[in-house]
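Can you keep this structure in mind? I'll have questions shortly.
Computed over heavy atoms, backbone and side chain alike; hydrogens, waters and symmetry mates excluded. In the text below, chain A, chain B and the rest are named by the order of the sequence lines, each starting its count at 1.
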Amino acid sequence: MTIKTGVSIIGGGHAGCEAALAVARLGIEAVMFTISKDSIAMMPCNPNIGGTSKGHLVREIDALGGEMGKVIDHAFIQSRMLNRSKGPAVHSLRAQADKAVYSQKMRDTLSSQSNLTIVEDEVIDIIYENGQISGVKTKNGNTYECRAIILCTGTYLNARCLCGETIKESGPNGMEAATMLTAAMTGLGIKMRRFKTGTSARLKRESLDFSQMIEQPGDEVIVPFSFATSSETVQREQVLCYLTYTNEETHKILRDNLSRSPMYSGLIKGTGTRYCPAIEDKVVKFKDRTRHQVFIEPEGLDSEVMYVSGMSTSMPEDVQEAMYKTVAGMEKCEIADYGYAIEYNTIDSSQLSATLSFRGIAGLFSAGQINGSSGYEEAAAQGLIAGINAVKFLRGEPEFTLDRAEAYIGVLIDDLITKENAEPYRMMTSRAEYRLFLRQDNADLRLIPRGYEAGLRSAADMERLRQKEEQIEEEIARLKKTRIGVTDKVNDFLIGHQSTALKNAATLAELIARPELNYVVLVSLDTARPLLSDDITEQVEINIKYSGYLERQLRQIEQFKRNESRKIPADFDYDAVLSLRHEARQKLKTHEPQSLGQAARIAGVSPADIAVLMVSLNAEKRRTL
Amino acid sequence: MKSDTIFAPATATGSAAGIGIIRISGERAISITTNIFPALTQMKSHTICYGFLVDGEEVLDEVMVSLMKAPRSYTCEDIVEINCHGGIRVIKRIMLALIKYGARLAEPGEFTKRAFLNGRIDLSQATAVCDIITAENDIALRSGLRQLAGSVRETIKSIRAEIMHEVSFIEAVLDDPDGYPDTAVREVGIIAIIDQVSQLLQMAKQGKILKDGINTVIIGKPNVGKSSLFNRLLSEERAIVTDIAGTTRDALHEMVLLGEVMLKIVDTAGIRDSDDPIEAKGVERTIGHIEAADLVIFMLDSSLPIDDDDRRIAALLADKRVIIMMNKSDLRGDGLLRYARNDESGIVDKTFPHVDEIGKLLVENNVDKQAIIHASMKNGEGIKELEEMITKMFINSDINEQEAVYITNVRHIEAMDAAHASMENVRRGLSERVPEDLLTIDMMDAYTSLGKIIGEAVEDDLIEEIFANFCLGK
């Protein structure tokens, strides 16, 4: 049977969900293929959404018009704002999710979405003729005609799971691997890499002794992820997580059995991530540490299964049994599911452009773990961008891309397509060089206009945003204008707040800028203060308090933008620039950077190569003038 | 587009090679060079002419001069090339003469830059230039950073590594707050970096001093021999006379090459308590000169006891680098030409009765660093000691005892200044208890700025940067 559609989305994980929703919401017919509807928006690893920098991604997805933030606001069972004691740029929201509720809520959203069909079938071939995508073929013998495809296959490409000496040719959670699609992609000339990731065992809740562990409660006041979620609706009762530690005995068991770990026996060839190493890795690499943290997290409100964060492993089952039992509070633990490592193919993401389409295969996009990233949020962010661009492609509209100074999503995608990633890529706040502007608190201000431009945000959203901006500006202007005279009362107040007394009158803004003071405490000196919502005053305070830093960062951004604006023509002939070093030429030809700025970020391209490139570009420009 | 006239030796200076070439390029290349080679006005383009370089009455060298008029030259500007005898002294004298008549020393790679900007270099030639950049990036960097000794590179590298280390420490905590809860910022390490950057900047500034000339003031009571010293220095055939300001009461301003060091000397009106308004004005100006000076030469008459005028002068010298010239040692009859150093403990030389007293006076007035030279302007004794002393002070300064390394390139100083300013922001941030994730903004700025000096960062204005690092005079 042949079915006509607009865009085929292969996979129903976090990337696939955002991609499918974006396409359908932008008015294009979308088909999402999944081997099993049960696996839609599944969380096969940790039961949380957000965390440092990942929380930023969720906020950005939300501001652009994506779904993840709304779903987690519905499905969370505990929430914390991390790094609260640090600067506003690194405050990061993290929520524990009820995995089943999360998946269900996402499925409900997908099924109620017009223009979107979910098909339980496996895509086994991509039809690419005359330089364009024309459809996909499925295992059930159907052909779906479409002009764009978004690959969101996660870790399923040629996947195999390893647990000790046991190897299963399968995707996560025992789902089937996608072998035929891998062959189809290779047939299109797509280059692959082999990566590795892993997860920990799940333990039965009733077998654990929480009295031996340290309780980890959620925040007293919960902040929602989505800008559309009202604060009141998320003030719910929360579950506890628990902290415990490994010990020398745990480490000894791991060391004694290292030869049985597929990572050390040589069974695993893929590269693992440094950010979330397996416990056997930690023991080997950090020999001096006598203990490692272990967080016990519920997988759901009604779930009897607890996730063991910090102890992912691919040790054989008997070693896992022995090892987990050495940890305080886990002495009698029963394992519900064993930990395992998974090895899978990812594409070499240097083949992608910033729209997440394959350069040279018009209409083929890919998003998520298939691109070599790790994490639900990273996947969802890519899915959203790929979805938007698939529609732009079909309509012949300009590309939709975000840059490093605009969004964490911009950093994520630029890193994926530009840098050499030898391991699964995890977002980190330290990867964002302009993070003081890329805060989670201002994601709406930064990206709702871009979401509007993409077509996912409404004019009403823009109007609300405009009002918010106006209120922020007015209040900042008022604080800069309002002078506080020198009186005993004022100086008593200041001294009472460990601040220095005034010698001359000062503006309220100047007082807010003092490290020891803030907007809230100054209310007693600020008689004319208007009633403003917390999200407004938060912006006001950050802008005043950190203005010096913001200005400096702004200058860095301007410099960055200048280099980004120095475009390299798509047909630029690197071979004609004889003086480029061989390595640099290869790298530049592989990545085909769009700007000098991007070229400079490619590993193996030196400042001298950039100089050469620049001279050549200038010479060429002069010649053509 | 700058239209000023630049020059640079096109051959390695100081080599034993028999010949040296100085290339002059710019709108005024011909008119400037005509001052020292009058025959130039008669020359046709692309010809070469034999003759003598003269500066006024003085013959500088026997030379061959070639002329390439715009636009048929490497830079598309008028170019004059002087083939002279290759000795460093000769080349320096010619260069000083060119400076005197209004040319300036080219920045590294500036000839090539002009060629490029004037459209002289097309794609294939640009490629050739690029070949050199690529193949000899390191060498180009080194020649661009001629004064940047390997040890400074190492210092900068190590400071950068330390910044990176501290930043990564902060970042790790930010990215994994569960793994590293409540970890304090390593303030001590950061402050150590700030101090290192300050030191580096100081060193760099000194390097700049060397290039532009050390601002030097000669002071002392009337009739102690200031003018004699001044004239002595000028008469050594090392001065370029560029009389800047006019009257007898005003300071003269001269460039003097003393050994390896260029001095920019101000001869001041005598400092003396006076009701004479004109003199008072001169004194005021002298105080200004002292403030701006890198080096003060304080002249005393060794035949006379120290008086209030001397004390008044000493009081102006706090925190200055000072050399004391005890003039008229010949009047004491022993003709000893010695200098003694004050190593905090006091003056060691007891030969002269006033020396102890002077030492005490200087210590009382918190004078930075002093040496005493016994001199006689009458028979020229003490000049050599002065030269040695200045060289020692500025080339082997105690700011960096082990290695005399200077950064003379203005851009390097700018980058260093920027790094320093960034690190000062970090210092302020620390004192204001700013969250550490904000400190990293300035730390990374400093990192980038330092990277520019050693060619490990690509800056916005790439074209300026590459050409600055490109070899001089090409």
| request: Please state whether the side chain, the backbone, both or neither of B/V434 comes within less than 4.5 Å of a heavy atom of chain A. | output: side chain

| said: Can you tell me which portion of A/F560 sits under 4.5 Å from chain B's heavy atoms? Options are side chain, backbone, both or neither. | reply: neither

| field | Structural part of A/R94 lying under 4.5 Å from a heavy atom of chain B | value | side chain

| So how far is it from B/E432 CD to A/K545 NZ, rounded to the nearest 0.5 Å? | 9.5 Å

| message | Given heavy-atom pairs under 4.5 angstrom as the criterion, report whether the side chain, backbone, both or neither of A/R435 touches chain B. | response | side chain

| remark: Nearest heavy-atom approach of A/V90 to B/L174 is CG2-CD2, 3.7 Å

| query | For the residue pair B/L439 and A/Y549, what are the closest heavy atoms and their distance? | reply | CD2-OH, 4.2 Å

| query | Tell me, side chain or backbone of B/T440 under 4.5 Å from chain A's heavy atoms, or both, or neither? | reply | side chain

| Which atom names give the shortest non-hydrogen contact between B/D437 and A/A89, and what distance separates them? | OD2-CB, 3.9 Å

| Under a 4.5 Å cut-off applied to non-hydrogen side-chain atoms, are A/Y546 and B/P435 in contact? | yes

| query | What option among A/G597, A/P515, A/S430 has the most heavy-atom pairs under 4.5 Å with chain B? | reply | A/S430

| said: Could you check whether any side-chain heavy atom of A/Q556 comes within less than 4.5 Å of a side-chain heavy atom of B/I441, counting everything from C-beta outward? | reply: yes

| In terms of heavy-atom proximity below 4.5 Å to chain B, should A/Y434 be classed as side chain, backbone, both, or neither? | neither

| query | Between atom CD of B/E436 and atom NZ of A/K86, what is the distance when rounded to the nearest 0.5 Å? | reply | 4.5 Å

| query | Between A/R552 and B/D442, is there a salt bridge with N-O shorter than 4.0 Å? | reply | yes

| query | Which bit of A/R431 comes within less than 4.5 Å of chain B, counting heavy atoms only: side chain, backbone, both or neither? | reply | neither

| request: Taking all heavy atoms of A/L436 and all of B/L438, pick out the closest pair and write down the distance. | output: CD1-CD2, 3.3 Å

